[in-house]
Engineer: 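If you scroll down you'll find the structure; I have some questions about it.
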Amino acid sequence: MDFPSSLRPTLFRTGPLGLSDVPDLSFMCSWRDALTLPESQPQISENGAPFLAKDVVWEPVTPGPLPLLRPAPDPWDPGLTAQDLLFRGGYQYRKRPRVVLDVTEQLSRFLWDHGDIAFAPLGRLMLENFKLEGAPSRSKKKTVISVKRLFQNLGGHQPWGCPWAYITHRQRRFSILGGAILGKSVASILAELLREELAVRWERLLLDETYTGGALAWVPGRTPQVGQLVYPGGGTLDTLCFQEVNLNPDSNLDVPGCPGRIHLRGPVRQVVTCTVQGEAVLAVRSDYHCAVWKVSKQGQPALLQVLQVEKGATGISLSPHLPGELAVCSQSGAVCLWTPEGGLQQIYRDPETLVFRDPSPWRWADFTAHPRVLTVGDHTGVKMVDTQGPPGCGLLLFRAGAEASCQKGERILLTQYLGQSSPDSLPSTLHLICTQFSLYLVDERLPLVPMLKWNHGLPSPPLLARLLPPPRPGCPQPLILAGQGGQLQLLPISGEGPGGEASAPRLAGPPQSLPSRRDSLSAFPLLEPKSQWQLEERLKAPTIGLATAIPPPASTPGLVLFQLSAAGDIFYQYLRLQEDSTGDAGPPGDAGPECPTPTASWTPQDTVCCSQWLKILLEVPPDPPTWAVPTFFHQQQLSRMELQKDGGKLLEALREAMAKGRLLQQRDLGPLPTAEPPPTPESSPDELSERLEEAWEGRGAAWWERHHGRTSEPGKQPKRPKRRTQLSSTFSSLSGPLDSLDATSPPLSPDSTCAKARPQLSATPPSQELTPDLWAQGIPSQQEQTLQDNHVAKLPLQRDTPEHAATTSSQASSIRATSSWLHRPVPSGSQPHRKKPRMGF
Amino acid sequence: MDNFSEELARPVTKDGQVKMSILSGTGMHFPWLQSYVETVVIGGKKKKDFSQTTSACLSFIQEALLKHQWRRAAEYMHSYFQALETTDGHQRQTVPELIWKLGSEILFYHPKSNVETFTTFADRMKNIGVMNYLKISLQHALYLLHHGMLEDADRNLREAETWRYGEKSSSQEILINLVQAYKGLLQYYTWSKKKKELSKLDKDDYVYGTTTRSMINRSWKTSMNLSALIKIPGVWDPFVKSYVEMLEFYGDQDAAQEVLTNYAYDEKFPSNPNAHIYLYNFLKRKKAPRTKLLSVLKILYQIVPSHKLMLEFHTLLRKSEKEEHHKLGLEVLFGVLDFAGCTKNITAWKYLAKYLKQTLMGNHLVWVQEQWNSRKNWWPSFHFSYFWAKSDWKEDMALACEKAFVAGILLGKGCRYFRYISKQDHQVIRKKIKQMKKSVKRYSIVNPRL
């Protein structure tokens, strides 16, 4: 291991980040590194053309990466965005927008959407102050109010945000009774939790460290043609898949058979592999577990050991020196050396960060050129720790500070030991350190002074990096850097001087961006906007894994890049070393043609591959809505569930159609209500049923006109006594304030009437003329409902009526089968059921 | 809500520059936060059309550069110059810097660009925004130097040296020092060229006299130029090297040694291995006493135990009379072989094999055990595994033999590495293996002869 005989001039300053009076001598130009000082050989003037790095270009064979495997069958949900979290609006005239988390809106939405969760516990506490029976309260106690009445008052309007909402004295009493508890405790307890949660989500949106290092690995097989991709699969990424892949020199891949699967108990966050002394070892990190497998020559994994990390593991690395040795770090700040035979050895523990105080619990550990020295890193620095030395001491390898001319607010996001790749070009003492702004190469023999600094300018956190061996002897080594947003950069790095002697590592040419998954969009056929959006979202999913493989030698050196997205898709990209770039070593001033002339294009096979992939993707059912519009219990209380049931089906269909973005069609609603035979009048058709019949047909208004003309008496007065008698005699002929509804609803087409009228029905104020015995009559059906909803709503209701014992058992199965109450199968054949739909009328 | 109300921070640097990055509650900047914020309307002044087009243009240039489309980048650059007309105070500071950075990069790689174009561009940029004059001059000089135009580079640096703006700030001072040091380096190049010519000349020649005179004159100037910079903490290898060479040439040994000692031992400087190597090589050239050499190498051993000079250190220690040096000699060899990059260093293995035998013959079993104790749990799998036995034998038989001997001594003859190699039957080294077996039997530390 030769140390470069002369290093590039660098100023050395100690101090905190963003020290302003230090001139940054690393000028951040890629060509700066090409300017090697001519040393003590001033022959340059004689020599004419000085040594210059070859302009190494890795040319992508296709304009973008191609899907390797079928799309994962689980729908992909991009999760929260900034729009969901940030406060909109604010001062118009501020110079810069102020970012504020929108706790208020989130809280009010939560109370609206999940009022049951927010208020139910309190409601249970106050249960003794509520009277659930329908009978009017006769007690003199003013602290007990009738729920029925209360809901009746609440039913029709939404006082929220409506200053003109009418508030009855009952509601006032209720608010006096409950206000103190409802207002304060919900807001204070819930808001505190919500605020915490939002802050966590926002931090995670800005920087998600869980997938640092990447969850995709390439395990080389027996021959250079074969290898295995190891990656997490399944909707929650908790299945470890082993997919064999054959590499062909002619830029295509074979994927024989289905992947082998190992089901794990937690989501896989990181997959690392390393072949040491001919033995391939695979390490996997989950949130609270780590595991090591040995992969046999045939590609069969054999589990060696599983480790539980109580505080949560943040990083795992495999030793490139000793087979099966690992470094594991946890959020508690502990770093352990782990060998399946020898067990755990804690080598470092410090809950504080290395250089300055930073709240993040993220820790990282990797190996160095000395098998018994590890690097321990966090957001503020990287330290070299001797596992055999006294605990706690070590030498800082990198400091986020003036030593590396770090900017204010700069933090380390990734550290990686680069020694394992190849002994040919770069020394085995180099470490890669990435921050959100720059990339540093540090030699452990000269700590604190970066040998190379490059401002990568990636618009997302660079959490994945791979260093590859030189494609040809003497060529620079490609270092691939991937941002979480899918951007890829390739940096040619060389550690050899003009004479072949060791020099400080430098950029051997301008860095190059590689196509990201979004660039593949042109390979897919044009789609309707909804599917197009789905495809774009899928291609935009964050990159959580990066692996590289070197295809068997061909005339031009090649490189295959695999990417794993958070949606579980694997894409691959073939790269080829541009031929004329390697031969020509002249200065770029008179070098070859304008570079981007050979632009890759899609071949018909590529587009076929993409459209097949897309076809499977679009078959995947879209993500079910994560939340459902809550149900309001007062409807259950008032035994209007049957109505809701029918309306619920419709609502569900409507919601589904909205979610899918298509038209609500007749077939979605099931058979038209009109198709059902209208309830046959039992004896003589009375006026109401006649009218209802007309209303079903959509001719309600016409009937009213006709009827109104026939009976010239004033509308309401004579009806009342009649209604009374009907109520007592027959349940079905219940008339109510619906008269006006029919009159106002315009004659629309049948299905639009259904779609609009039904949901409205559930919101109409219920009749106030319900007699006690009717209430009692209604109970069985209501309890049927409660039974089914029991696991969802858990309403405290007595269920001792003998007749529903049978229904309990018959419906027990449906409870288990359906989780969402919106999908509840409708119990058919029960007596009141047929009548109920008309109850609201 | 103030606790995590993220705010756009405006770290104002001393120069009054306002950086466009955003601070979070944890003090971390997220360059990508801006794009998130832009998706949500959260108030604040709307961007002007002008800044919108310039920032779009900037991203096009950056994209083209990353795709190596120099011509396209140059076209966009042409349009981007309008950004100089910005009225925003912060932009006015950063835009010239950006234009220089991107423009020089385009001109460096563009197939149709040449030194003249680059020079014109650099000269223009130097005078836009006073803060960049020195930086651009320095980079321009480096570019010229790189293209072999030493005179032009020298003229450039000389111009920059005399430039002043306002009160001399510390950053300006460092840059001026750097400019002077590069100028000194250029003078050193011409000097060393002259020196070469001189070595070809006859001493009695008339030309010889004048050349020496001019050389002395030059070197005096050069040393003035170089000495200022190398007192500032940093890595100044090329400057120190040339300065010392000139001082040495004129016989000022003490000054040269002082410079090197200061460069190596000043605590404000980073622990640069080269500083110690230069000092060691200087002392070696000057035939310094062994103790002095040993003390220099001892410090280098603390910093870089894997350096190739460590083998030289070992030889020096072995030659020493002191017993503690002999012990250190063993430690140094073990230390070299600890490193992943040195596992196939045959000289180190040869030295270790020889020295192990010597140490054990000298009845210093304790020394060996002391070294071995900290390594016995990982050296066997790191060096002496079955895999390495097979591959070493295949690649380098001599190396395999040396390693097998060491393995036999340290692990006994039952060790897999030793067994594999000793079982091999090869005509050339049959005798050697036989001898090896014999010594292992005698000296192995596993069954001490008691």
Side-chain angles (χ1 to χ4, degrees), chain A residues 1 3 6-7 9-12 20-21 23 27-31 35 37 42 44-45 50 57 82-83 86 88-92 94-101 199 206 277-278 321-322 359 369-371 388 408-409 411 419 428 436 445-446 448-449 459-460 510 512-513 588-589 594-596, chain B residues 4-8 11 13-14 23 26 28-32 36-37 39-45 66-69 71 101 104-105 108-109 111 114 139 142 146 148 170-171 174-175 189 192-193 233-238 270 272-273 304 306-307 338-342 374 378 381-382 385 387:
Chain A
M1 282 201 298
F3 193 76
S6 177
L7 299 170
T10 326
L11 189 72
F12 184 73
S20 57
D21 65 335
F27 299 102
M28 295 309 202
C29 294
S30 73
W31 58 274
L35 305 179
L37 278 173
I44 31 165
S45 45
V57 177
Q83 268 162 315
L86 295 185
R88 276 156 281 176
Y91 304 106
Q92 285 298 311
R94 280 185 84 93
K95 191 166 184 200
R96 273 153 217 277
R98 194 183 155 93
V99 179
V100 179
L101 290 181
L206 286 177
Q277 301 184 10
H321 312 300
L322 296 168
H370 192 298
Q388 293 174 328
K408 199 173 174 190
R411 296 287 185 278
S428 62
Q436 68 270 46
R445 292 170 293 184
L446 175 55
L448 297 178
V449 185
S460 61
Q512 189 188 345
S513 70
E594 172 77 334
C595 284
Chain B
F4 29 76
S5 57
E6 270 68 16
E7 200 180 348
L8 298 167
T13 59
K14 203 179 171 190
L23 202 68
T26 60
M28 182 171 175
H29 284 253
F30 296 101
W32 45 87
Y36 284 154
V37 169
T39 61
V40 189
V41 185
I42 56 166
K45 268 188 189 168
L66 278 171
K67 286 183 176 159
H68 297 194
Q69 298 168 341
R71 196 170 286 167
K101 187 189 148 188
S104 62
E105 188 145 351
F108 190 82
Y109 293 111
N114 52 29
Q139 287 182 79
L142 275 170
H146 181 70
S170 68
S171 93
I174 289 169
L175 277 172
Y189 288 149
S192 100
K193 215 163 117 190
V235 176
W236 311 121
D237 289 0
N272 182 358
V304 192
S306 63
H307 199 272
D338 276 348
F339 284 87
C342 305
S374 63
W378 59 280
S381 51
F382 183 55
S385 65
F387 174 87

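Chain A is the first sequence line, chain B the second, and so forth, proteins listed ahead of strands; every chain is numbered from 1.
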Engineer: With a 4.5 angstrom heavy-atom cut-off, could you sort out which part of Leu448(A) is near chain B: side chain, backbone, both or neither?
Structural biologist: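 Neither part.
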
Engineer: If the plane angle is over 60° it's perpendicular, under 30° parallel, otherwise tilted; pick one for His321(A) and Phe382(B).
Structural biologist: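 Taking Phe382(B) first and then His321(A), their aromatic rings stand perpendicular (interplane angle over 60°).
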
Engineer: side-chain contact (heavy atoms from CB on, under 4.5 Å) for Phe3(A) and His307(B)? Distances and angles first, verdict last.
Structural biologist: CA-CA 7 Å; Phe3(A) 193 76; His307(B) 199 272; 3.7 Å; yes

Engineer: Would you say Met28(B) and Gln436(A) make side-chain contact, with heavy atoms under 4.5 Å?
Structural biologist: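 Met28(B) vs Gln436(A): side chains touch.
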
Engineer: Between Asn114(B), Asn272(B), Val235(B), Val304(B), who has the most heavy-atom pairs with chain A when the cutoff is under 4.5 Å?
Structural biologist: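 Ranked by heavy-atom pairs under 4.5 Å with chain A, first place is Val235(B).
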
Engineer: Quick one, Val57(A) and His68(B) - any side-chain contact, counting heavy atoms below 4.5 Å?
Structural biologist: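 Yes, close enough: below the 4.5 Å cut-off.
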
Engineer: Of all residues at least two apart in sequence or in a different chain, which pass the side-chain hydrogen bond (donor to acceptor under 3.5 Å, both in side chains) check with Gln83(A)?
Structural biologist: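 Testing Gln83(A) for side-chain hydrogen bond (donor to acceptor under 3.5 Å, both in side chains), a comparison that skips the adjacent residues, returns none.
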
Engineer: With a 4.5 angstrom heavy-atom cut-off, could you sort out which part of Gln388(A) is near chain B: side chain, backbone, both or neither?
Structural biologist: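 Side chain of Gln388(A) only, per the 4.5 Å heavy-atom cut-off to chain B.
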
Engineer: Would you mind checking which part of Asp338(B) comes under 4.5 Å of any heavy atom in chain A, side chain (CB onward), backbone (N, CA, C, O), both or neither?
Structural biologist: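 Answer is both: backbone and side chain atoms of Asp338(B) are under 4.5 Å from chain A.
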
Engineer: When heavy-atom pairs shorter than 4.5 Å are enumerated against chain B, which of Pro459(A), Pro371(A), Ala82(A) gives the highest number?
Structural biologist: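 The answer is Pro371(A).
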
Engineer: So what's closer than 4.5 Å to chain B heavy atoms on Pro359(A): side chain, backbone, both or neither?
Structural biologist: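 Side chain of Pro359(A) only, per the 4.5 Å heavy-atom cut-off to chain B.
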
